[in-house]
Amino acid sequence: MDIAVVGSNMVDLISYITRMPSEGETVEAPDFRMGCGGKGANQAVAASRLGSQVLMVTRVGNDMFAENTIKNFAANGIDTKYVMRTEATSGVAPIFVDSESRNSILIVKGANARLCPDDVMNAKDAIAKCKIIVMQLEIPLETVYATIDLAEELNIPVLLNPAPADPALQLEKVKKVKFIVPNESELSLLTGMPVDTHEDIINAAHVLLDAGIPNVIVTLGSKGAVWISSSGDKTIPATSAEPVDSTGAGDAFIGCFSHMWTKTEDIEASIVAANKYAGDSVTKRGTQTSYAKAGDIEF
Ligand code: RIB
């Protein structure tokens with residue numbers, strides 16, 4: 001097994017809109033898609049499609065969405081032994097994508113909010129066989145913290161994607177991760193620093209380095225990503241793309257990065273590949289529907 005994703009799954013309800021309605025107003029949206037999403041599931045699917053062996057630790061609900069989500073994991077070659085059913089609704093995400101490919105996302109965590117530290121401990125033997133643990137913040141923070149402690153015990157590196165930004169996240173409890181991968185607004189919330197200029201971003205990233213996290217990778221959307229470590233900072237530009245839907249592009253980046261890093265342990269090359277993979281995903285509609293398979297994209 002290569003990658004353990006301890007994280008969320010959602011059903012994405014994507015409306016393609018011309019504008020958001022005002023309060024009390026009804027506006028017609030020209031198109032709609034429903035698909036599998038959730039930051040954890042998206043990252044797992046991206047890595048698996050590229051050829052990694054992926055274990056998913058997550059909770060689905062007891063509704064009509066759950067079976068489809070489990071089938072989708074299996075169809076993407078993901079180990080579903082620790083995809084657990086829960087007396088709750090499945091996570092859902094109403095998403096609005098405008099004509100300039102920008103998205104606004106609401107999440108209803110549902111069963112994801114019940115993924116508890118014991119669930120992760122139950123999967124300990126399977127997690128112990130993985131080369132990296134990948135997490136996001138659509139599950140309880142206590143589960144994130146417990147998984148980081150478990151990873152230390154097992155000597156497995158952790159990649160934390162602090163998304164969606166959560167003001168309750170305690171830096172002290174996540175400082176043992178090997179990689180933290182925020183976008184600009186997540187970096188700002190995490191550090192309490194401005195991120196208006198490149199210099200601001202580097203300064204904010206240094207707060208995380210100073211806390212003990214050795215690699216900070218800030219995703220910059222169409223501008224690529226910047227990797228900050230004790231060796232300095234390196235900006236790796238995005239590949240140019242004509243965007244139609246940016247939903248899930250950050251997850252595509254992390255799934256691809258995790259896949260490439262477990263194969264090569266080359267951080268810069270993994271960011272170059274992740275930029276290309278995420279850039280390709282924004283040229284297609286939907287979340288997981290926009291993720292290429294190995295062989296469909298060259299790195
Ligand atoms: O990052 C995109 C994802 O965020 C969507 O798939 C949605 O489900 C939310 O989790």
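Atoms within a ligand are numbered from 1 in the order they appear, just like the ligands themselves.
- Protein heavy atom nearest atom 7 (C) of ligand 1, with residue, atom name and distance: D12 OD1, 3.2 Å.
- Geometrically, ligand 1 and T247 share no nitrogen or oxygen pair separated by less than 3.5 Å.
- In the candidate list N112, I254, D251, D251 is nearest to atom 2 (C) of ligand 1, counting heavy atoms.
- Contact analysis puts G38 in contact with ligand 1, with a non-hydrogen atom separation below 4.0 angstrom.
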Side chain to side chain contact (heavy atoms under 4.5 Å, CB included) between H198 and D233, intermediate numbers included: CA-CA 11 Å; H198 186 74; D233 61 271; 4.0 Å; yes
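- No side-chain heavy atom of S185 sits less than 4.5 Å from a side-chain heavy atom of V195.
- Of the protein's non-hydrogen atoms, the one nearest atom 4 (O) of ligand 1 is K39 NZ, 3.1 Å.
- Ring geometry, Y291 versus Y277: the interplanar angle falls from 30° to 60°, so the pair is classed tilted.
- Residues Q288 and D12 have side chains not in contact (no heavy-atom distance under 4.5 Å, counting atoms from C-beta outward).
- Residue-ligand proximity, A93 to ligand 1, at heavy-atom distances under 4.0 Å covers atoms 7 (C), 8 (O).
- Using a 4.0 Å cut-off to heavy atoms of G37, the atoms of ligand 1 that qualify are 6 (O), 8 (O).
- When each atom of ligand 1 is checked for a heavy atom of M10 under 4.0 Å away, the hits are 8 (O), 10 (O).
- Side-chain atoms of M10 and V92, non-hydrogen and from C-beta on, never get closer than 4.5 Å to each other.
- Salt bridge status for D280 with K284: present, with a side-chain N to carboxylate O gap under 4.0 Å.
- Classification of D149 and K176 as a salt-bridged pair holds, one side-chain N sitting under 4.0 Å from a carboxylate O.
- Residue, atom and distance of the protein heavy atom nearest to atom 10 (O) of ligand 1 are E138 OE2, 2.6 Å.
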